[in-house]
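Keep in mind that the numbers below use all heavy atoms, side chains included, and drop hydrogens, waters and symmetry copies. So you know, we letter chains A, B, ... as the sequences are listed, proteins then strands, and number each from 1. This one's a predicted model, so the numbers in the text were calculated from it and none came from an experiment.
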Amino acid sequence: MSKRKNPCESTNPNAEFCDFLMELAEYEKNVSRNIHKYNAYKKAASVLAAQPKKIESGKEAKKLVGIGDKISKKIDEFIQTGKLRKIETIHNDEKAQAISMLTRVSGVGPVKAAELVKDGIITIKDLKNSKQLLNHHQLIGLKYFEDFEKKIPRSEIQAIENKLKALVIGFDSNFTITICGSFRRGKAESGDIDVLATHLSLKPEGAKKKHGETMLKRLVDNLEGLIIDVISMGDTKFMGVCRLSDDLPARRLDIRLIPCEQYHCAVLYFTGSDVFNKTMRTHALEKGFTLNEYYLRPMGSTGVPGEPVPIASEEDIFDYIEYPYKKPEERNL
DNA sequence: AATAGGCCCTT
DNA sequence: AAGGGCC
């Protein structure tokens, strides 16, 4: 998922409300550093986005879960005046604008952005003249600032997948890779590329030891030509940058190395969507199972999870918990 | 009171 | 070890 996001389709009748709520959400997260207000605004935006009809008053909005006094008053103000004083104030606050801008750099969060602004850095151009203040991740984020905000067309990810598979299978046919995330759910475009990889010989204990460590490095080393920068490289997770060809933007690409026996649960988990995962986990609990990123386990009567159920395919997971199989394209909840 | 939790990096 | 940032 990319750093900038907008859960509200522009087609929805309450898009104007969602827009200002999302802007307030970003402000609370990046500038005020109030994560709870951020969550509250996001929740309000998403509940409005789910309404089939345009909300006509704050009073009407207030009936919805997640919209209380404050937000309903803002909706009234927006309906009556066509704007929000609070938003105007934020727009006129240069410091707030600078922090918002700087947090768009990958690796720069609210804390780092505030530091930079305190040092007098308010634009991306300023930042380019102060590279000594940035760590490796942030330098990469700055280098590809424009590219990383561009969506990736499905066709391009498809081509990257083909190339990835060819490269990987070419040097070790015991590797399997799957691109998950919104791409796997069939979306026309994605924010980044989320690759899961496993190797026939990879056991759970091995993943974080030398075995996995060398294995992920070996995998990445063999992707030469595709990978153009490394953000971070751990035992189980690689974060980096790839470019399919010179005429295309650089893209964010992550690779996670998963032990064989956890692969299907991981693919399910990283395919999402978030809401779908939550629904599925809740259903699993009702059927007496606990499902996470790694395993499906039966819940004992004592509330202690039992031994992981052996899983041979994604469908197996659905079968065990008696949940009708949903193709990835049907998981866009 | 408020959706997780883990991985990786830096200090 | 703790904090920041990301997914």
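Taking the six-membered ring where tryptophan is involved, the planes of Phe20(A) and Phe17(A) are perpendicular, since the angle between them exceeds 60° and thus also 30°.
In the set dC7(C), dT10(B), dG6(B), dT10(B) carries the atom at the smallest distance from any side-chain atom of Asn135(A). If you check dC7(C), dC7(B), dG5(C) against the side chain of Tyr294(A), the one that comes closest is dC7(B).
In this structure, CG of Leu134(A) is placed 17 Å from P of dC9(B), rounded to the nearest angstrom. Distance, Phe238(A) CZ to dC9(B) C1': 15 Å, rounded to whole Å. Rounding to whole angstrom units, CG of residue Leu139(A) and C1' of dC9(B) are separated by 13 Å. The distance between atom CD1 of Ile231(A) and atom C1' of dT10(B), rounded to the nearest whole Å, is 15 Å. Note: NE2 (His137(A)) to P (dG3(C)) measures 21 Å, nearest angstrom. As a whole-Å value, the separation of Leu116(A) CG from dG4(C) P is 14 Å. Atoms CD1 (Ile99(A)) and P (dG4(C)) sit 14 Å apart, rounded to a whole Å. Between Met233(A) atom CE and dC7(B) atom P there is a gap of 15 Å when expressed in whole angstrom units.
Listed pair Arg256(A) / dG6(B) fails the phosphate criterion, with no side-chain N or O lying under 4.0 Å from OP1 or OP2. Using a 4.0 Å cut-off, no side-chain N or O of Ser232(A) falls inside it from OP1 or OP2 of dC7(B).
One P atom belongs to dA2(B), the other to dC7(C), and the distance between them is 26 Å to the nearest Å.
Screening residues 241-257 of chain A for side chain to side chain donor-acceptor pair (under 3.5 Å) gives Glu156(A)-Arg251(A), Asp194(A)-Arg256(A), Ser245(A)-Asp247(A), Arg252(A)-Asp254(A) as the qualifying pairs, with residues at least two apart or on separate chains.
Asn292(A) comes within 4.0 angstrom of nothing in the nucleic acid, heavy atoms only. When heavy atoms are screened at a 4.0 angstrom cut-off, Arg252(A) is found touching the sugar-phosphate backbone but no base atom.
The CD1 atom of Ile160(A) lies 9.0 Å from the NZ atom of Lys163(A); values are rounded to the nearest 0.5 Å.
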Applying salt bridge (charged side-chain N to carboxylate O under 4.0 Å, His left out) to Asp76(A) and Lys59(A), what does each step give before you reach the verdict?
CA-CA 8 Å; Asp76(A) 273 334; Lys59(A) 191 175 160 194; over 6 Å; no
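Every residue two or more places apart in sequence or in another chain that forms a side-chain hydrogen bond (donor to acceptor under 3.5 Å, both in side chains) with Asp69(A) is listed here: Lys62(A).
One hydrophobic cluster, built from ILVMFWY side chains closer than 4.5 Å, cannot hold both Val111(A) and Val105(A); they sit in different ones.
Both tests pass for Lys326(A) against the ring of Tyr323(A): distance under 6.0 Å to the centre and angle within 45° of the axis.
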At a cut-off of 3.5 Å, list every protein nitrogen or oxygen paired with a nitrogen or oxygen from nucleotides 1-5 of chain B, distance to 0.1 Å.
| residue | atom | partner | partner atom | Å |
| --- | --- | --- | --- | --- |
| dT3(B) | O2 | Lys278(A) | NZ | 3.2 |

